[in-house]
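Below: one structure, written as structure tokens.
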Amino acid sequence: MASTMRLNGKNAIVTGAGNGIGRAIAIRFAEEGATVAVAELEEDAGRETVDLIEQGGGVALFIKTDTSDSVSVNSAISATISAHGDLDLLVNNAAAFVFGKVEDVTQDDWARVFGVNVIGYANCVREVLPSMRRKGSGSIVNIASVSSFIAQPAFIPYNASKGAVAQLTRCLAMDLATDNIRVNAVCPGSIRTRATDRHIESLGLDPEKAYQEFGKDSLMKRMGKPEEIASGALFLASDDSSFMTGAQLVIDGGATID
Ligand SMILES: NC(=O)c1ccc[n+]([C@@H]2O[C@H](COP(=O)([O-])OP(=O)(O)OC[C@H]3O[C@@H](n4cnc5c(N)ncnc54)[C@H](O)[C@@H]3O)[C@@H](O)[C@H]2O)c1
């Protein structure tokens with residue numbers, strides 16, 4: 001009987017997979033049969049994701065990676081190929097969270113947020129391309145955000161970087177279609193992760209009240225879970241979305257429909 005696992009035999013690399021959405025994606029991909037490289041800056045967090053995958057019977061490898069550094073990305077891709085073979089799937093997920101009004105943001109802040117969220121995504125795509133071309137196909141999923149297309153108060157650097165991710169996705173889709181490489185984006189709404197915990201803490205808000213408030217933005221009156229974003233990433237990575245490229249899959253409980 002044919003396997004019902006949607007990523008059977010596929011080889012994936014997921015950036016920022018030590019926490020939150022990236023971890024949920026790495027675990028889901030492994031559950032669906034993929035071998036997974038966890039490319040993560042924080043060693044303990046990345047190794048914990050690998051342990052979770054292995055406990056579930058999956059195959060994973062931790063590679064300490066800083067996606068904003070092209071040398072680090074190049075070694076991460078080489079290490080993945082040595083361990084698991086050529087790559088089929090890349091999920092660009094690692095992000096820097098830099099918020100503020102334009103007058104609050106320094107040049108270093110701008111360099112950091114674009115270095116990880118935009119140049120980091122482009123670094124990973126550039127470095128996986130030779131491998132995907134050897135395979136003759138590939139699927140790239142960029143984790144964008146509803147912040148890619150709406151304005152939010154005092155979110156300038158983050159939203160500008162996520163707007164760039166939306167354009168990066170469309171332009172890559174155009175350039176890579178002839179290589180049989182699809183490039184799509186997932187745009188999450190408010191999801192409860194360490195990043196949102198830190199944001200709430202930095203604002204000095206009561207976490208439970210803040211989560212209720214954030215949840216009210218969605219038509220479903222709750223925040224989303226990392227696993228709900230992982231389902232979207234799985235769809236875009238798998239052959240279930242074989243006629244999709246350059247698309248944005250919005251997963252926000254209806255928060256941005258009006
Ligand atoms: N949480 C939300 O509400 C939300 C909403 C929309 C979009 N997103 C997007 O989802 C993605 C994941 O966010 P999250 O909330 O899970 O964040 P998170 O902070 O929980 O996890 C991000 C992970 O990325 C790692 N990382 C950061 N910089 C890195 C680098 N340079 N190289 C390698 N790893 C690095 C961190 O160590 C961390 O493990 C991001 O792209 C974020 O913009 C999140």
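For ligands, and for the atoms within them, numbers begin at 1 and follow the listed sequence. For this chain, numbers begin at 1 and follow the sequence in order.
- Considering backbone and side-chain N/O of F97, none are found under 3.5 Å from N/O of ligand 1.
- Residue contacts with ligand 1 do not include F214, since none of its heavy atoms lies under 4.0 Å from the ligand.
- Salt-bridge annotation for R194 and E42: present, with a side-chain N of the basic residue lying under 4.0 Å from a carboxylate O of the acidic one.
- Look at A144 and you'll find a heavy atom under 4.0 Å from some atom of ligand 1.
- For ligand 1, the polar-atom distance check finds no N/O of T196 at less than 3.5 Å from any of the ligand's N/O atoms.
- Atoms of ligand 1 lying under 4.0 Å from at least one heavy atom of S145, given by number and element, are 6 (C), 7 (C).
- Heavy atoms of G189 approach ligand 1 to within less than 4.0 angstrom.
- Using a non-hydrogen distance threshold of 4.0 Å, A96 does not register as a contact of ligand 1.
- Applying the 4.0 Å criterion to heavy atoms of N93 picks out, from ligand 1, the atoms 10 (O), 11 (C), 12 (C), 40 (C), 41 (O).
- Geometrically, R192 engages Y211 in a cation-pi contact defined by less than 6.0 Å to the ring centre and at most 45° from the axis.
- Taking every non-hydrogen atom of A94 and a distance limit under 4.0 Å, the qualifying atoms of ligand 1 come out as 24 (O), 26 (N), 29 (C), 33 (C), 34 (N), 35 (C).
- Against a heavy-atom cut-off of under 4.0 Å, S190 is close to the following atoms of ligand 1: 3 (O).
- Which parts of ligand 1 touch E42 is read off a 4.0 Å heavy-atom cut-off, strictly below it: atoms 37 (O).
- With ring centers used as reference points, F155 lies under 6.0 Å from H199.
- Contact between R198 and ligand 1 is absent, with no heavy atom of the residue lying under 4.0 Å from the ligand.
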Under the salt bridge (charged side-chain N to carboxylate O under 4.0 Å, His left out) criterion, do E213 and K216 qualify, and how do the steps go? CA-CA 5 Å; E213 277 310 305; K216 282 184 192 158; 2.8 Å; yes
